[in-house]
Each structure stands twice: as structure tokens, then as C-alpha cells.
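A short write-up of the structure that comes next.
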2 protein chains.
Amino acid sequence: MSDQYEDQSLCPIVHSTGLVGDRWSILIVRELLMGQGRFQDLQAQTGATSQMLSARLKRLEADGIVERQTYSEKPLRYEYRLTAKGLHLMPVILALRTWGERWVKPEGAPAAVRMFHRVCGSELELDGNCPVCRRLAPWTEMAGRPDEAWLTERKTRAETFTENLKKAACGARESDQ
Amino acid sequence: MSDQYEDQSLCPIVHSTGLVGDRWSILIVRELLMGQGRFQDLQAQTGATSQMLSARLKRLEADGIVERQTYSEKPLRYEYRLTAKGLHLMPVILALRTWGERWVKPEGAPAAVRMFHRVCGSELELDGNCPVCRRLAPWTEMAGRPDEAWLTERKTRAETFTENLKKAACGARESDQ
DNA sequence: AATCGTCAATATGATTTTCATAGTTACATA
DNA sequence: TATGTAACTATGAAAATCATATTGACGATT
């Protein structure tokens with residue numbers, strides 16, 4: 001599919017998938033929505049290689065979906081954040097969540113995140129329906145609370161990742177000699 | 001990312017993107033939701049090569065998202081349809097539509113599809129809100145009406161595709177001699 | 001009874017993308 | 001001085017995708 005074709009099509013799906021139509025971009029957006037914006041966190045939680053992550057972040061930045069911000073001047077360190085355009089991908093992530101929980105995840109597994117209706121405090125159904133307000137809650141009124149099991153999974157993944165980094169560094173030093 | 005990792009993660013996004021986390025799969029689902037189920041239509045409207053399309057359809061079928069049905073015994077011909085699991089990807093497509101229309105498509109371009117609220121007949125806002133019922137319409141209550149301009153685009157694409165097929169066939173015959 | 005057209009694919013070899021693994025830079029800390 | 005940390009970049013191998021051509025079963029046309 002040529003760029004021309006993509007730019008000129010009236011189909012919004014063509015345009016959307018042109019920017020976020022791949023696994024890594026979506027997982028990066030998920031992670032940024034979770035509040036994790038540092039390179040290593042993104043790498044650990046998405047499972048992308050550093051060069052894949054670097055390439056995707058550059059593209060997402062060029063497309064105005066994320067922005068890079070300095071969080072430390074010395075040493076110079078950056079983190080990534082969603083722009084307004086990126087934040088508005090939340091409904092896409094939520095739709096993938098709903099489908100994944102219902103149609104893909106093994107039965108009986110707990111939901112990774114429980115969603116609540118901020119205006120009334122009650123827990124939302126998987127499709128976003130509020131049983132108290134008796135209507136679909138807009139995503140701007142939702143608040144998520146991650147399940148303990150999922151937090152544990154994430155913590156484990158982060159630890160495993162840094163351990164592997166250390167091992168690799170050790171190996172490098174040994175072979176230096 | 002290993003299969004093990006994917007199967008065992010609690011994150012529904014990981015599971016979803018494992019099945020439909022690529023451009024072609026999403027465009028195929030879009031096309032099937034439009035009611036186009038034949039191989040050549042899918043190829044023409046998505047722009048995928050025939051072998052890419054073939055590979056993706058096989059995977060989508062293996063994952064229970066589409067099913068292949070015979071629509072002609074002789075000559076033997078097949079078409080593809082969404083299963084219930086596949087139909088429930090509609091909210092994902094709708095979310096990509098909303099985002100694409102608002103954040104990606106050039107300003108002023110008409111929406112490819114206008115959405116209506118089946119229970120009251122009024123046109124929905126881009127985010128799915130019904131101005132008459134004053135609530136978000138669930139996707140099961142929505143009906144889409146493609147814009148003329150988009151239908152034209154699609155028709156043109158289909159014609160161009162079959163023309164190219166004919167040209168290729170001519171070339172083959174000439175070189176046969 | 002040849003030839004042509006249709007549809008759902010396959011085959012092939014080149015090109016591009018992604019991967020695993022390792023290394024770099026610039027600073028902080030022990 | 002050695003060690004650690006964060007955000008990358010480099011390289012060559014492996015895998016995915018591409019453009020292009022071709023197949024096989026049948027029906028319709030000349």
C-alpha cells in the first residue's frame with residue numbers, strides 16, 4: 001500500500017492503522033497509559049528490543065502521538081509521554097481490552113485491570129456499562145485499578161529484565177580481560 | 001516476545017494484539033464488517049498481496065475469528081465471514097474509526113461512514129454519543145451508512161484492481177508465444 | 001474443440017523488517 | 001579507580017513481506 005493511497009483514502013481505519021497498526025506501537029501506548037514513560041520500563045514491559053523500541057518511539061513522536069521530555073539534566077535523561085492525540089487512543093486500548101478479556105484470555109483468569117465509574121464509584125462491566133447509572137460510561141469518566149496478580153506479573157518482569165542486563169554486563173567485563 | 005509469555009500474561013492487550021495486532025488483519029476485519037467476503041474483494045479493498053491475504057485469512061481462521069464458507073459448489077468457490085468472536089471486534093474498529101476521523105484524517109474530509117442510532121434513528125456523534133437519547137449508544141444499536149464519496153473510492157479501487165489483473169493476464173499470454 | 005475469462009489461491013526470488021547480541025556515551029556513586 | 005545506571009546505537013543473521021508470475025478447476029464463447 002503506497003503512502004499516496006493511504007493519505008488520500010477516506011477510510012479512517014486506513015489512517016489509524018497507518019500510525020498504530022502494529023503490535024509494538026499499541027503495547028507502547030498501553031504502557032504509557034499505565035504511567036510508565038521511561039525507556040527501560042517500556043522495554044521491560046513490552047518485551048521489545050531496544051532498537052525496536054527506539055525506532056517506534058521516534059515514529060510515534062514524529063506522528064505527534066508521544067513527546068520526549070527531559071526528566072534529568074545531568075545526567076541527561078528522557079522519558080516519554082502521550083500527547084493529547086496519544087491520550088485519545090484510550091478507547092482503542094479499552095476496546096482491545098474488552099475483546100481480549102472476553103474472547104482470548106483463558107477462562108477464569110482475573111481481569112488485569114478493574115474499571116470504575118468515577119462519577120458514582122461503582123465497578124463497570126466489561127463492556128463499559130455502569131450498572132448503577134444504567135448507561136455506558138464514557139472513557140473520560142473511567143478509572144482503572146490494576147489487579148494484584150497483574151502488578152506482581154509486571155514487577156517480576158521488571159526484575160527479570162534488570163537481572164538479565166546485569167548478567168550481560170558481567171559477561172562483557174569478563175571477556176574484556 | 002515468546003508464545004509462552006503471551007499465553008501466560010494477564011494483560012488482555014497482549015492477547016488481543018497477538019491475534020489482530022497488525023495492519024492487514026485489521027483491514028480484513030474492517031472489510032468483512034462491510035460485508036465483503038470474497039478473496040478478490042478483500043485483496044482489492046485492503047491492498048494486500050494475494051499471498052499476504054491468504055496467510056492472514058488462514059491465521060484468522062485458525063484463531064476462530066473468520067470462517068471459510070463455500071458459496072459455489074461448481075466451480076468450487078469460497079468466501080470468508082466473521083464468527084461471533086470476529087464480530088465482537090466491531091468496537092475496536094469503531095474506536096480506530098473515531099480516532100482516525102478526528103486525529104489523523106485531513107480536516108474537512110467527509111466521514112467515510114455516518115453512524116445512526118437504530119433505536120431512535122438520529123445520527124450519532126463521532127464518539128458514539130446519541131444527541132437525542134443523550135447517552136452513548138452501544139455498538140449493537142448502531143447502523144452505518146457509507147458516504148457517497150467513499151463508495152466511489154471503493155468502486156474505483158475495485159475497477160482498477162480488475163483492470164490490472166487483465167493487463168497482467170495479457171502480458172502473460174504475449175510472452176507465452 | 002480450442003480459447004478465453006473467472007476466482008481462489010501458490011511459487012519464486014528480491015527486498016525490507018525484525019531479532020539476538022553486544023557495545024557506546026555520559027554521568028553518578030562507592 | 002572501578003562499578004553502576006539510563007538511554008540508546010551497531011552489526012550480522014533470521015524472518016517477514018513484496019512484486020511478479022503462475023496454477024487449477026471450471027464455465028462461457030467462438
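Chain letters run A, B, ... following the sequence lines, proteins first and then strands; every chain starts at 1. Any value given below was found using the heavy atoms of this structure, including those in side chains, with hydrogens, waters and symmetry copies removed.
Both A:R77 and B:R68 lie near DNA chain C, and the one whose nearest nucleotide falls closer to the 5' end is B:R68. Between A:T49 and A:E73, the residue anchored nearer the 5' end of DNA chain C, judged by the nucleotide with its closest heavy atom, is A:T49.
Nearest nucleotide to the A:M52 side chain, out of C:dT18, C:dA9, D:dA7: C:dT18. Distance from the side chain of B:Q40 is smallest to C:dC7 among D:dT9, C:dC7, D:dT5. Among D:dC26, D:dT9, C:dC19, the nucleotide with an atom closest to any side-chain atom of A:Q51 is C:dC19. Checking C:dA8, D:dA7, D:dT9 against the side-chain heavy atoms of A:Y71 singles out D:dA7 as nearest. Of all nucleotides listed (C:dA28, D:dC8, D:dC26), D:dC26 comes nearest to the side chain of B:K74. Checked against D:dC26, C:dC19, D:dA7, the side chain of A:W24 finds its nearest nucleotide in C:dC19. The nucleotide whose nearest atom lies closest to any side-chain atom of B:S50 is, among C:dT10, C:dA22, C:dA8, C:dT10.
Salt-bridge formation is detected for the pair B:R157/B:E153: a Lys NZ or Arg NE/NH1/NH2 atom is positioned less than 4.0 Å from an Asp or Glu carboxylate oxygen. Salt-bridge formation is not detected for the pair B:D41/B:R154: no Lys NZ or Arg NE/NH1/NH2 atom is positioned less than 4.0 Å from an Asp or Glu carboxylate oxygen.
In terms of phosphate contacts, A:K166 brings no side-chain nitrogen or oxygen within less than 4.0 Å of OP1 or OP2 of D:dA6. Close to D:dC8, at under 4.0 Å from its OP1 or OP2, lies a side-chain N or O of A:Y80.
Atom CD of B:E163 is separated from atom P of C:dG5 by 14 Å (rounded to the nearest Å). Between the C1' atom of C:dA9 and the CZ atom of B:R38 lies a distance of 15 Å, rounded to the nearest Å. Computed from coordinates, the A:R59 CZ to C:dT18 C1' distance equals 13 Å when rounded to whole Å. Across the protein-nucleic acid pair, A:Y78 atom OH and D:dT9 atom P stand 10 Å apart, rounded to whole Å. Straight-line distance from the CG atom of A:N164 to the C1' atom of C:dT21: 12 Å, rounded to whole Å. Rounded to a whole Å, the CG atom of A:L165 is 18 Å from the P atom of D:dT3. Separating the CD atom of A:Q43 from the C1' atom of D:dT5 is a distance of 14 Å, rounded to the nearest angstrom. B:Q36 places its CD atom 16 Å from the C1' atom of C:dA8, with the value rounded to the nearest Å.
Cation-pi check for A:R81 over A:Y71 is not met; the charged atom does not lie both under 6.0 angstrom from the ring centroid and within 45 degrees of its normal. Within the cation-pi definition used here (under 6.0 Å to the ring centroid, within 45° of the axis), B:R38 does not qualify as a partner of B:Y80.
Counting any heavy atom pair closer than 4.0 Å across all strands shown, B:F39 reaches a base atom.
Between B:W103 and A:H88, the ring planes lie tilted relative to each other; the angle falls in the 30° to 60° range.
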